[in-house]
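Please read all numbers here as calculations on a predicted model, not as lab measurements.
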Amino acid sequence: RDRYQRRVHGDNEKLEELFGGNQKVIEWIARLGALSAAERAELVGAAPAAPAKAAAPAGDDDDFDPFAEADEEEVAALEARKKKQAEEAAAQKPGGKSLIVLDIKPWDDTTDLKELEGLLRGKTLDGLTWGKSQLVDIAFGIKKLQFSIVIQDEKVSSDDLEDLVTGFSDHVQSMDIAAWNKL
């Protein structure tokens with residue numbers, strides 16, 4: 001019992017040197033020291049250590065080098081496992097979709113935006129769904145056509161949208177993407 005008290009007293013002196021009079025830190029370290037390895041791992045959010053497997057023969061400990069590089073078989077197995085996990089994750093994840101709001105501005109106030117809306121809805125692209133549209137006042141009687149669309153990210157790009165809309169050059173002066181939200 002005397003030996004234990006001397007050891008604890010020595011530990012306390014070392015902690016006092018390291019942390020000064022900050023008693024809370026010293027108490028926290030003492031509490032952590034009292035926990036088992038599984039409890040400490042759980043406390044910091046790591047998975048608890050796996051239970052020890054069957055004891056290895058005594059001679060095998062000498063051959064273990066924690067800083068040795070992995071051999072080719074281990075590296076190949078690790079790469080194959082990572083590739084398989086990536087493929088599984090990609091297979092489970094459905095294609096991404098985006099909700100986009102387009103601002104389509106005409107050349108002047110004489111442009112028929114209802115006709116332009118009909119022309120745009122008549123165009124189809126694989127992965128493009130036309131949604132709600134509305135006319136929004138800009139200034140001096142000029143309005144812009146605001147369109148909501150949903151696209152599949154793999155199939156339709158912003159360049160495809162711009163080419164589609166600005167293709168009606170008699171009606172469209174410019175097109176802006178007002179909002180782009182991932183679904």
What I'd like to find out is whether the side chain of [X] reaches to under 4.5 Å of the side chain of [Y], using heavy atoms alone.
X: Ile104; Y: Gln173; value: no
X: Ile138; Y: Lys105; value: yes
X: Asp109; Y: Phe140; value: no
X: Leu116; Y: Lys114; value: no
X: Met175; Y: Phe168; value: no
X: Pro106; Y: Leu113; value: yes
X: Val136; Y: Asp103; value: no
X: Ser148; Y: Trp130; value: no

Are [X] and [Y] connected, step by step, through hydrophobic side chains (Ile, Leu, Val, Met, Phe, Trp, Tyr) whose heavy atoms are closer than 4.5 Å?
X: Leu145; Y: Val101; result: no
X: Val172; Y: Leu125; result: yes
X: Leu128; Y: Ile177; result: yes

Check against side chain to side chain contact (heavy atoms under 4.5 Å, CB included), Leu102 and Ile149: CA-CA 8 Å; Leu102 301 175; Ile149 60 171; 3.9 Å; yes
Answer yes or no: is there a donor N or O on one side and an acceptor on the other, between the side chain of [X] and the main chain of [Y], under 3.5 Å?
X: Glu154; Y: Gly96; value: yes
X: Asp176; Y: Ala178; value: no
X: Trp180; Y: Leu99; value: no

Roughly how far, to the nearest 0.5 Å, is the [atom2] atom of [Y] from the [atom1] atom of [X]?
X: Leu119; Y: Asp112; atom1: CG; atom2: CG; result: 9.0 Å
X: Ser157; Y: Ile151; atom1: OG; atom2: CD1; result: 7.5 Å
X: Leu120; Y: Glu115; atom1: CG; atom2: CD; result: 10.5 Å

Polar side chain donor-acceptor pair, Asp108 to Thr110, under 3.5 angstrom: yes
Please find the pair of heavy atoms, one from [X] and one from [Y], that lie closest to each other, and give the distance.
X: Ser98; Y: Lys182; result: OG-CD, 3.5 Å
X: Ile100; Y: Leu161; result: CD1-CD1, 3.8 Å
X: Ser169; Y: Trp107; result: O-NE1, 2.8 Å

Pairing of Lys83 and Glu79 as salt bridge, 4.0 angstrom limit: no
Sidechain N-carboxylate O distance under 4.0 Å for Lys155, Asp160: no
Audit row: Gln134, Phe147, side chain to side chain contact (heavy atoms under 4.5 Å, CB included) steps and yes/no: CA-CA 7 Å; Gln134 64 182 359; Phe147 241 117; over 6 Å; no
